[in-house]
Amino acid sequence: MSKTKQSIIAGGLITTAGIFISKVISIIYVVPFNAIIQTTENLTYYGTAYNIYSYVLNISISGFPFAVATMVSKYMMRGDYRTSLLVKRLASRLMIVVGAVTTLFLLLTSGIFAKLVVGPEYVTTMRNVLIVLSFALFFVAILSSMRGFYQGLNEMDIYAANQILEQISRVVFLLGMSALAVYVFHQERIWAVYFGVISTTVAAIFAIIQFAHRDKTRIPELEKLAVEQTAASNEDKRELIREMILIAVPYLLSAVLGYSDMIINTFFLPSGLGAFGMTSKEIMNITGPVYANINKLLSIPMVLAPGFSIAIIPYITRSLAAHDDRGVRKHISDCLDSVLYLALPISFCLFVFAKPIYYVMFGSTNLDLNAHLLSWFALEGFFSTVLPVINSLMMAGGLRKKNLQSLGVYTIVKLSITYILLAKFGFPGAVLSSVAAMLVCLLINAYHLSTRFHVRWMYTVRKFVLMLIGVLGIWAVAWGLQFIGFRPYTAGRIIGLIELGVSGLLAIAVYLGITWCFQLPQTIFHIGSKGKKHHV
């Protein structure tokens, strides 16, 4: 296995591991936090506010970390340490401005958003939650520039550790302050929601402090290299800012379009489900668990997308700089094959074990409905893992304009059919509309990658078919266990967790066993392949 390929997979897995651990922490805290906030209304306030916050955050800063990473990677490859450090300083100042602007934007529009997503009787509280959450945008923007710098240095270990620290500090503050407010000072449970959203700001501050501590040792090392460097440097600040913006804007527009399904669902679910015949209370029973609980579970496979997308950028940037299309082609295949192999079984387990998973994590309240929701949204979770990876490959591969065009088609399709499908099929319409739009975008982008870099998708398709055979093994295990009476959701949650763990391990073991027989993991990850090639 080549060192480059090994580094890509290792970098992707390290970053994914960091994101995965942080997501697991974010899933686990939901159990006690739900017990504190209790009501469906509070759950909806919390989940809906984060949906709006996430969309505003993604469209305001998403391009800049990638731009910083791309530029730092490029200049470090050239041995231009002075310019790399200048990029860091400029990015920090720029993100302070961006963070301040986006915070002000959400403060001013909080009332408008509140009226769009909840009924009249809930608007005031929804607005207050958004106002409290808006301040996180400032600190997260600053944090994003720091992460982009270390991503560009390809230091994925500190990147992953920072994400874990951020999540731990967030959960400790959230649970501690919420419990204190409700159980010690006997405040209304909405205060738990307020402290829940404040925790995002607190966590970002802790993460910034960690990077600042890392800077104390890493920056002097780079400054020493900058003094000794013989390579020419680019210290034209205007030119560097222009380059940063030219790289960032396509990513930013990509985020606006790529995350549009989130905001479209947020705005159309109430009216679409109302047209389907549901009452306001029934809609709350769906939107609350979807936003606060089910989205947490879907984030398990979806962590692969940012993990591998972040890791792949420095390698594709270097291959393009060296005019090595063959290298780019290999990076694309390596990245996508790895993501598909890992995302498919995880997503299918969420589908086939939906009821026991939801029961163990969140209890038996509306279990049949919530398990049904999870099984449907697991399908969207798989496509939501693959599409961002393809988009990142397009952006990193210099096909930004074409990627924006395909994402434009995706947004138009999603916007056009969501309300219609919601009114016709109920909540499955949200999933069906997203999957249809994502499939169109995937096919368009696959064509562009094939045309530009001559990627031969038949090899990936062949591997994917073999993965599907492995997934049939997971289905057989789930069916067989249920046939013999193995139902984790009928016991206590602790016993259910043990039974679910046994079921999940057995299902994954069967998937690994079947795909191992087809030489899939050996081929994708080159397991035990010193000097030896595997073919599928």
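Starting from 1, each residue takes its place in the sequence as its number. Small disclaimer: the values here were computed from a predicted structure and weren't measured.
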[X] side chain near [Y] side chain, heavy-atom distance below 4.5 Å:
{"X": "Q167", "Y": "I164", "value": "no"}
{"X": "L57", "Y": "T102", "value": "no"}
{"X": "M177", "Y": "I198", "value": "no"}
{"X": "C441", "Y": "L407", "value": "yes"}
{"X": "Q210", "Y": "E166", "value": "no"}
{"X": "F425", "Y": "L421", "value": "yes"}
{"X": "P356", "Y": "E499", "value": "no"}
{"X": "D261", "Y": "E380", "value": "yes"}

Is there a side-chain contact (heavy atoms from CB on, under 4.5 Å) between S260 and L415? Walk through the geometry before answering.
CA-CA 9 Å; S260 60; L415 190 62; over 6 Å; no
Counting only heavy atoms not in E188, do more than 12 sit closer than 6.0 Å to its CD atom?
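Open: at most 12 neighbouring heavy atoms sit under 6.0 Å from CD of E188.
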So, the side chain of [X] versus the backbone of [Y]: is there a donor-acceptor pair under 3.5 Å, distance only?
{"X": "T109", "Y": "I112", "value": "no"}
{"X": "T411", "Y": "L257", "value": "yes"}
{"X": "T125", "Y": "Y122", "value": "no"}
{"X": "K355", "Y": "P488", "value": "no"}
{"X": "R170", "Y": "V202", "value": "no"}
{"X": "S110", "Y": "L107", "value": "yes"}
{"X": "S406", "Y": "N403", "value": "yes"}
{"X": "T418", "Y": "S433", "value": "no"}
{"X": "N445", "Y": "N391", "value": "no"}

Measure the [atom1]-[atom2] distance between [X] and [Y] for me, rounded to the nearest 0.5 Å.
{"X": "L240", "Y": "L94", "atom1": "CG", "atom2": "CG", "answer": "12.0 Å"}
{"X": "I142", "Y": "I96", "atom1": "CD1", "atom2": "CD1", "answer": "5.0 Å"}
{"X": "T44", "Y": "I283", "atom1": "OG1", "atom2": "CD1", "answer": "10.5 Å"}
{"X": "F267", "Y": "F113", "atom1": "CZ", "atom2": "CZ", "answer": "5.5 Å"}
{"X": "D215", "Y": "I158", "atom1": "CG", "atom2": "CD1", "answer": "9.5 Å"}
{"X": "N34", "Y": "L43", "atom1": "CG", "atom2": "CG", "answer": "5.0 Å"}

Go through L273 and E282 one step at a time and tell me if the side-chain contact (heavy atoms from CB on, under 4.5 Å) criterion holds.
CA-CA 9 Å; L273 293 177; E282 289 173 330; over 6 Å; no
Heavy-atom closest contact ([X] atom, [Y] atom, distance):
{"X": "A91", "Y": "S145", "answer": "O-CB, 3.9 Å"}
{"X": "G381", "Y": "S347", "answer": "C-OG, 4.3 Å"}
{"X": "F427", "Y": "L422", "answer": "CA-CD2, 4.1 Å"}
{"X": "L500", "Y": "F353", "answer": "CD1-CB, 4.2 Å"}
{"X": "I474", "Y": "P345", "answer": "CD1-CB, 3.8 Å"}
{"X": "R147", "Y": "F211", "answer": "CG-CE1, 3.4 Å"}

Set out, in order, the CA-CA distance, both residues' side-chain angles and the distance that settles side-chain contact (heavy atoms from CB on, under 4.5 Å) for M95 and L143, then state yes or no.
CA-CA 9 Å; M95 294 317 294; L143 175 61; over 6 Å; no
For N366 and Y358, test the side chains for any donor-to-acceptor distance below 3.5 angstrom and give the result as yes or no.
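Absent: no donor and acceptor within the cut-off.
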We want to know whether T200 and Y50 form a side-chain donor-acceptor pair, criterion being a heavy-atom distance below 3.5 angstrom.
yes
side-chain contact (heavy atoms from CB on, under 4.5 Å) evaluation trace for S434 with F383:
CA-CA 9 Å; S434 294; F383 284 96; over 6 Å; no
Please state whether the rings of [X] and [Y] are parallel, tilted or perpendicular, taking 30° and 60° as the class boundaries.
{"X": "F348", "Y": "F351", "result": "tilted"}
{"X": "F173", "Y": "F195", "result": "perpendicular"}
{"X": "Y29", "Y": "F33", "result": "tilted"}

Counting only pairs under 3.5 Å, give me each side-chain donor-acceptor contact of residues 371-379, with atom names and distances, residues two or more places apart or in other chains.
unit_1 : atom_1 : unit_2 : atom_2 : d
S375   : OG     : A371   : O      : 3.4
S375   : OG     : H372   : O      : 2.8

As a quick check of understanding, evaluate side chain to side chain donor-acceptor pair (under 3.5 Å) for D368 and Y489, giving each step before the final call.
CA-CA 11 Å; D368 288 336; Y489 49 85; over 6 Å; no
Could you list the donor-acceptor pairs under 3.5 angstrom formed by side chains in residues 126-134, with sequence neighbours left out?
unit_1 : atom_1 : unit_2 : atom_2 : d
N128   : ND2    : T124   : O      : 3.4
S134   : OG     : I131   : O      : 2.6

Please identify each residue that fulfils ring pair (Phe, Tyr, Trp, His ring centres under 6.0 Å) with Y359, with sequence neighbours left out.
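So Y359 forms no ring pair (Phe, Tyr, Trp, His ring centres under 6.0 Å) with any residue.
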